[in-house]
Each structure stands twice: as C-alpha cells, then as structure tokens.
Amino acid sequence: MSEKTERAPIRFGTDGWRAVIAREFTFANVARVAQAYADYLLEERAQHVATARAGAEQTEKLPLAVVGYDRRFLSEHFAHLTAEVLTANQIRVFLFERDMPTPVISWAVRDRKADGGVVITASHNPPEFNGFKIKAPWGGSATPETTSAVEALVDRHEPRREEYVPQGREELEQAVANYRVQVESYVDLDRLRALRARIIVDPMHGTGARWVESFLRGGALEVETIRPDRDPLFGGVNPEPIDQNLGPLKERVKETGALVGLATDGDADRVGAVNELGQTMTMHEVVPLVLLHLARHRRMTGGVVRTFSQSVLLKRIADAYGLKLYDTPIGFKYIADLMLREDILLGAEESGGIGVKGHIPERDGILNSLLFLEAIATAGKPPSEMVRDLHREFGEFYFGRRDLHMEVSRGKALVAELAEKTPAEVAGYRVESISTMDGTKLIFDDESWLLFRQSGTEPVLRIYAEATSVEKMHALLDEGCAIAQAPRGVKA
C-alpha cells in the first residue's frame with residue numbers, strides 16, 4: 001500500500017474537523033488539512049482572477065487567511081503549524097499571538113477582508129479533543145459546500161511547510177478594537193453598568209476569560225468572573241455550558257445572591273445561563289426570551305431560524321409577531337447560510353449558539369451574554385419570573401437532553417431504524433408524526449417531541465425532548481434511553 005492509502009480519512013462534521021489529540025488530531029494530520037485548505041483558497045482565488053478584469057498586479061491576488069486558536073492542549077502549536085503550511089503555499093497569514101474567542105477571530109476575518117480563516121478549537125467537546133474550524137470571508141462558519149470541497153482536497157498534495165514570519169499584528173489589534181466598538185454599539189452597556197445588582201460570569205477556563213466582564217466595568221453593577229484562567233482540562237468537565245458542567249457557577253450565584261450567572265463554552269461562541277435561584281436555564285428558555293426582547297422591546301423584524309432541536313416557543317413567538325420561521329438541520333453553518341441570503345432577526349441552536357441581526361452571521365457567546373443581560377434589565381425582573389411570564393403567554397414547554405456514549409455506526413443504525421419502524425407510542429403517549437430532517441424526531445399531539453440524533457463530531461447519541469410538563473419531558477427521555485439501550489431488534 002502507498003503512504004496515501006494508509007492515511008486515516010479526514011471527515012468534517014457539523015462545524016469543522018474534530019478528533020482526539022495525539023490519536024487522530026496529530027501534527028501530521030493537521031498539516032494535511034491545512035494543505036487542503038490552502039489548495040482550496042488558491043483554487044478559489046484562481047477562479048476569481050480568471051473572471052476578473054485583466055491588469056491587476058499578481059501581488060494583489062495573494063489570498064489572506066486569519067488564524068487563531070483556543071486554550072486547548074497544544075492549540076497554539078497546531079495554529080503555528082497551520083500558518084507555516086499556508087505560508088508555504090504563498091498565502092498571507094495573520095496569526096493571533098494569544099488565544100482568542102472564536103467570534104473575535106470570525107470578526108477579524110471579515111474586518112480585515114480576508115479570504116477565510118482557521119480556528120484551532122474543539123469548542124465544547126471534551127478536553128481530549130481538538131479541531132480545525134474554517135471561517136468564511138463574511139465572518140461566519142464555512143458553508144457545507146466549502147467544507148466538502150476542502151475535505152475532497154485532502155491528500156491531493158503533500159503538505160508544504162515554510163517558516164512563518166509574524167505579520168499583521170497592527171491589523172489584528174485594529175480588528176479586535178473594532179469588535180469591541182461593535183459590541184458597545186449593539187448593547188446598551190450604560191444601562192447594564194447602572195444595574196444595582198451582582199452577576200457572575202463563568203468562561204469555564206476557556207477563551208471567554210474576562211471578555212464579558214471587560215464590557216461591564218465602571219458602574220454600579222458588580223461583576224465577578226470565576227474560572228477565568230487557562231486549564232486545558234477545563235476543571236475536569238467538558239467546556240459546554242449545560243447543567244452538569246456548571247456546578248461552580250450555580251453555587252456562586254446562590255452564595256452571592258446574584259441576579260444571574262452567564263457562561264460561555266470553551267471557545268466562547270456559545271452562551272449558557274443560571275437564574276437567580278442557582279438553577280441552570282435551558283436554551284429553550286434563554287433563546288425565546290432573547291427573541292421576545294428583540295421583537296417586543298427593540299421592535300426589530302426579520303426571520304427566525306431554529307435548528308432541529310430548538311423550541312416550539314420560537315415558533316409561537318414568531319407567529320405572534322408575524323416573523324417568518326425557518327427550520328434547519330443542526331449546525332450553525334445552516335443558520336449562517338440563511339443569514340447571508342435572507343433578512344434574519346435571530347437564528348439559534350439548542351446548544352447555545354445564537355446569531356443576531358446586525359452582527360456577523362456567527363455564534364457569539366460574549367455578545368449574547370450581554371444581550372441576555374439587557375433583556376433581564378429591560379424586563380426589570382429576575383430570570384425565573386421572566387420564564388414564568390413567557391410560559392403564561394406562549395404556553396409551557398420544558399426541555400431536557402441525555403447523552404449516551406454510542407459508536408457512530410450503531411447510533412446511525414438506531415436513528416434509521418426508528419424512522420423506518422416508528423413506535424406507535426412512547427411512555428404511553430401516542431406518536432402523531434415523525435420528522436427526519438436531522439435524526440429522527442417523534443412528535444406528539446400537543447407539540448411535545450422526542451429526538452434521536454447521532455453526534456457528527458463524537459461517539460455520542462443525543463436524545464432530546466421538549467414537553468408540556470417536566471414530568472412528561474422526563475418520561476419521554478427515560479423511555480428514549482431505554483429504546484436506545486435495548487438490544488438491536490428488540491422493542492423496549
């Protein structure tokens with residue numbers, strides 16, 4: 001066999017290529033992906049030059065890429081290797097000199113008018129993972145067409161490497177300054193700083209660091225940031241701002257009587273929240289509250305995009321305000337694609353990724369933390385009361401999720417089987433219909449639902465449920481886990 005045929009295949013998931021460090025995510029494999037991305041950028045530029053008017057200098061046609069990284073193990077070294085490969089392919093590279101939140105890197109791609117970008121991050125995945133995210137020129141996730149094209153170019157050429165000479169420091173500093181101006185203009189920071197309250201911010205040892213706090217200093221509002229320092233093991237949890245990982249934030253909110261706790265994930269593109277009672281809020285509460293704030297109080301308009309596991313409440317709020325609703329598969333790249341083509345007010349995932357009108361078509365945990373705090377300040381009520389008001393007006397829905405370790409092939413087989421042999425009922429509730437846009441979703445007569453979906457980035461089967469009572473939600477999840485864990489071909 002040739003060396004090429006022995007190499008492990010590279011597969012991009014819902015948002016980039018991710019793999020376990022030192023197993024699949026190695027320097028050799030990162031170089032392969034970086035070379036494929038270099039080939040893609042060069043082909044794109046060649047096509048552009050071929051259709052552009054003649055006469056431009058060739059030096060003006062060299063592609064520019066922005067490269068950044070998170071706080072994971074060896075991320076800065078993988079980023080430097082990426083810069084070396086791109087440089088060897090005659091691509092100009094602006095490499096951040098320190099870890100940076102993904103939304104800031106995405107902003108820099110657009111702000112510097114780059115041809116694209118790379119972020120070395122595995123976002124919310126477990127600490128043993130790292131990843132290679134591609135950013136598009138408009139400052140959002142690369143489209144499925146782009147990632148498919150890059151994947152197809154892997155191993156077309158052997159990776160080239162050349163010493164990277166740092167450049168673009170002033171340009172990147174200006175991009176970061178411009179990002180700060182953008183956030184300051186988007187959120188009413190004076191109102192937030194004037195709040196006579198205390199909030200706790202938890203970046204979970206990720207790149208969010210003290211970014212949220214930095215926007216809120218200088219007023220009556222008391223801001224405390226916990227877990228701000230780099231820890232590649234993220235304190236022993238996955239850097240995903242969901243209930244089981246937010247113990248320190250919940251405790252600190254209760255200890256200090258804080259108004260709210262705000263969390264960001266490992267690369268700060270997702271947001272999480274803890275209410276004043278020290279209870280984790282789901283994104284089926286936070287996102288509808290943000291949408292309601294934008295539509296009702298800011299009087300903003302545009303479409304609403306929800307991925308396959310987002311809330312029924314988004315549909316009801318959209319209906320109430322005459323906003324067009326779009327449903328997409330899971331993955332923010334689908335939201336970004338719509339934000340580029342349509343007038344979109346808000347697009348959101350269940351996992352805490354939110355994009356809003358007037359910003360880059362990208363998740364931004366920093367901006368959305370501040371925007372949710374603005375919604376709380378505007379309501380003049382603590383988060384738990386805001387949720388009660390939401391339910392009184394639009395109906396009660398409660399969300400839960402269970403993650404089961406399951407090999408990808410087995411999980412996909414289960415999802416396919418449920419689509420073909422759909423159970424007539426689950427936990428005593430009759431299944432009215434199914435949807436297979438992304439996984440298999442069983443839908444009940446009161447709009448409650450149960451979704452089975454195999455992760456595109458790790459060996460995890462995710463089981464989601466949203467129901468009209470907490471008891472029903474847990475019953476659906478319990479039965480869903482039983483179905484998933486039953487021997488193949490045996491009905492649970």
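These numbers were taken from a predicted model, which means no experiment stands behind them.
Using a cut-off of 4.0 Å between Lys/Arg side-chain N and Asp/Glu carboxylate O, Glu97 and Arg169 are scored as salt-bridged. Salt bridge status for Arg316 with Asp319: absent, with no side-chain N to carboxylate O gap under 4.0 Å. By the 4.0 Å N-to-carboxylate-O rule, Arg7 lies close enough to Glu158 to be salt-bridged with it. Salt-bridge annotation for Glu362 and Lys135: present, with a side-chain N of the basic residue lying under 4.0 Å from a carboxylate O of the acidic one. By the 4.0 Å N-to-carboxylate-O rule, Arg298 lies close enough to Glu374 to be salt-bridged with it.
Heavy atoms from other residues, nucleotides or ligands lying under 6.0 Å from CD of Glu163 number 12 at most. Counted within 6.0 Å of CZ on Arg299, heavy atoms from surrounding residues, nucleotides or ligands total 12 or fewer; the atom is thus considered open.
By the 4.5 Å heavy-atom criterion applied to side chains, Val415 and Leu461 are counted as neighbours. In this structure, the side chains of Thr264 and Met204 stay at 4.5 Å or more apart for every pair of heavy atoms. Side chains of His359 and Trp107 form a contact here, defined as non-hydrogen atoms less than 4.5 Å apart. Side-chain contact between Ile335 and Ile344 is absent, with no heavy-atom pair separated by less than 4.5 Å.
Using modelled atom types, no side-chain atom of Asp269 and backbone atom of Arg363 make a donor-acceptor pair closer than 3.5 Å. In this structure, Asp231 contributes its side chain and His205 its backbone to no donor-acceptor pair below 3.5 Å. Put simply, the side chain of Tyr69 gets close to the backbone of Arg98: a donor and an acceptor are under 3.5 Å apart. Not a single donor-acceptor pair under 3.5 Å links the side chain of His293 to the backbone N or O of Ile376. Formation of a donor-acceptor pair under 3.5 Å by the Gln454 side chain with backbone atoms of Val460 is found in this model. The backbone N or O of Thr307 sits nowhere less than 3.5 Å from a side-chain atom of Gln310 that would complete a donor-acceptor pair. Arg230 places a side-chain N or O within 3.5 Å of a backbone atom of Arg72 that can act as its donor or acceptor partner. A distance-only check finds a donor-acceptor pair linking the side chain of Asp115 to the backbone of Leu64 [under 3.5 Å]. A donor-acceptor pair is defined here as one N or O able to donate and one able to accept, closer than 3.5 Å; such a pair exists between the side chain of Tyr164 and the backbone of Leu95. Of the possible donor and acceptor atoms, one in the side chain of Lys357 sits under 3.5 Å from a partner among the backbone N and O of Thr301.
Every side-chain hydrogen bond (donor to acceptor under 3.5 Å, both in side chains) that Glu43 has, sequence neighbours left out, goes to Arg156. With sequence neighbours excluded, no residue forms a side-chain hydrogen bond (donor to acceptor under 3.5 Å, both in side chains) with Lys441.
Atom CG in Leu294 sits 5.5 Å away from atom CG in Leu371 (nearest 0.5 Å). One finds the CD1 atom of Ile354 at 9.5 Å from the CD atom of Glu349 (value rounded to the nearest 0.5 Å). Within the model, atoms CZ of Arg270 and CG of Asn368 stand 12.5 Å from one another, a figure rounded to the nearest 0.5 Å. Note that the CG atom of Asp337 and the CD atom of Glu145 stand 6.5 Å from one another [nearest 0.5 Å]. Atom CG of Leu291 is separated from atom OH of Tyr321 by 9.0 Å, given to the nearest 0.5 angstrom. Atom CG of residue Leu62 and atom CD of residue Gln90 lie 6.5 Å apart, to the nearest 0.5 angstrom.
For the residue pair Ser311 / Glu466, a side-chain donor-acceptor distance below 3.5 Å is found, with atom types taken as modelled. Side chain to side chain, Asp39 and Gln35 meet the donor-acceptor criterion of an N or O pair below 3.5 Å. Side chains of Tyr186 and Asp364: a donor-acceptor N/O pair is absent below 3.5 angstrom, by distance only.
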> Would Leu346 and Val287 count as a side-chain contact (heavy atoms from CB on, under 4.5 Å) if you check the C-alpha gap in whole Å, the side-chain angles of each, and the deciding distance to 0.1 Å?
Replying inline: CA-CA 9 Å; Leu346 175 145; Val287 175; 3.9 Å; yes

> Is there a side-chain contact (heavy atoms from CB on, under 4.5 Å) between Thr102 and Thr207 once you walk through the steps?
Replying inline: CA-CA 8 Å; Thr102 288; Thr207 60; 5.9 Å; no

>> Show, in sequence, the C-alpha distance, side-chain angles and deciding distance for Val274 and Asp202, and conclude whether the side-chain contact (heavy atoms from CB on, under 4.5 Å) test is met.
In response: CA-CA 10 Å; Val274 169; Asp202 182 8; over 6 Å; no

>> Determine whether Arg180 and Ser214 satisfy the following criterion, side chain to side chain donor-acceptor pair (under 3.5 Å), listing intermediate values before the conclusion.
In response: CA-CA 10 Å; Arg180 295 192 65 87; Ser214 73; 3.1 Å; yes

>> Is there a side chain to side chain donor-acceptor pair (under 3.5 Å) between Ser123 and Asp265? Walk through the geometry before answering.
In response: CA-CA 7 Å; Ser123 190; Asp265 70 332; 3.0 Å; yes

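Checking Phe25, Phe132, Phe12 one by one against Trp17, the ring pair (Phe, Tyr, Trp, His ring centres under 6.0 Å) holds for a single residue, Phe25.
Nearest heavy atoms, Pro127 versus Pro232: CB-O, 3.5 Å.
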